[in-house]
Structure formats: C-alpha cells, structure tokens
Trainee: 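Quick one: this structure, given as structure tokens, is what I'll be asking you about.
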Amino acid sequence: MDLRTQTLPPGWRIEASGPFPGGRACVLRLIGPDGVEAVWDVEESMSQCDAVKQLAAAMALTGESYREDDDDRPGTLLVP
C-alpha cells in the first residue's frame, strides 16, 4: 500500500463526518471546484462507516478543518 500523503486537486474538498445525534449515518462528501457534490451516506453498522470516522478523525488531528460549521450541517465529529 502506498502511504504517501495525497492531496486533492486545487479547488476540490472532501468532508467526512458522523454519525451525529438523531442519525445513524456516516457521510463522505466530495465537493468540486464548481460546488457540485457527490455524497455517500453509510449506515453506522457498516464497516465503511468506520473508515469515514477514521478519515474524519485523522483530518482533525492534522489541524485541518474537515468541515466548516454552518446552520445546515453540524461541524463536530462524534468519536466513540
């Protein structure tokens, strides 16, 4: 496995979050420079949700914000 740091092309953004209170899905969101989004909702019981949680935690540990707080989407990750 190649473990080198990888980055997204300029203007692209990735968000990883969840699950949040009142919901049972982890969400992985890819946002293009033109604002178009691809969104994957994964049920908490699926192993892919663990990967989303790990990505969100790793992004938070680097000091990079994986999501800006706004009224529509919560900004904090709940880690068990």
Side-chain angles (χ1 to χ4, degrees):
M1 176 187 274
D2 185 357
L3 298 177
R4 290 179 293 171
T5 300
Q6 298 178 8
T7 59
L8 295 171
W12 285 84
R13 197 170 89 223
I14 191 167
E15 297 176 350
S17 58
F20 295 106
R24 294 179 28 173
C26 291
V27 179
L28 185 63
R29 180 175 276 113
L30 182 64
I31 302 128
D34 56 0
V36 174
E37 296 183 359
V39 180
W40 294 269
D41 290 334
V42 181
E43 284 296 314
E44 183 177 17
S45 60
M46 299 181 73
S47 61
Q48 293 91 338
C49 188
D50 287 336
V52 173
K53 288 191 277 188
Q54 289 175 19
L55 175 62
M59 292 171 74
L61 287 175
T62 64
E64 297 178 21
S65 174
Y66 62 90
R67 170 176 284 175
E68 292 181 11
D69 290 335
D70 60 36
D71 293 336
D72 296 329
R73 296 182 260 174
T76 57
L77 171 69
L78 300 180
V79 178

Trainee: With rounding to the nearest 0.5 angstrom, report the CD to CE distance, Gln54 to Met59.
Mentor: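 These two atoms lie 14.0 Å from each other.
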Trainee: Give me the atom names and distance for the closest heavy-atom approach of Ala56 to Ser17.
Mentor: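 Here Ala56 and Ser17 meet closest at CB-N, 4.4 Å.
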Trainee: Working to the nearest 0.5 Å, report the span between CG of Leu8 and CD1 of Ile31.
Mentor: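 Rounded to the nearest 0.5 Å, the CG-CD1 separation comes to 10.0 Å.
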Trainee: Might you point out which heavy atoms bring Pro10 and Pro33 nearest each other, and give the distance in Å?
Mentor: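 Scanning both residues completely, I find the closest heavy atoms to be O-CG, 4.4 Å.
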Trainee: Apply the hydrophobic cluster definition, ILVMFWY joined by side-chain contacts under 4.5 Å directly or through others, and give me every member besides Val42.
Mentor: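 Grouped by the 4.5 Å side-chain rule, Met46 form the rest of the cluster around Val42.
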Trainee: Name all residues meeting the side-chain contact (heavy atoms from CB on, under 4.5 Å) criterion together with Trp40; count only those two or more places apart in sequence or in a different chain, and write none if there are none.
Mentor: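 Per chain and number, Trp40 pairs via side-chain contact (heavy atoms from CB on, under 4.5 Å) with Leu28, Leu30, Ala38.
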Trainee: With the side chain counted from C-beta on, respond yes when Cys26 and Gln48 share a heavy-atom pair under 4.5 Å apart, and no when they do not.
Mentor: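 Sidechains of Gln48 and Cys26: no contact.
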Trainee: Residues two or more places apart in sequence or in another chain: which of them pass side-chain contact (heavy atoms from CB on, under 4.5 Å) with Val39?
Mentor: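 Here the qualifying residues are Val27, Arg29, Glu37, Asp41.
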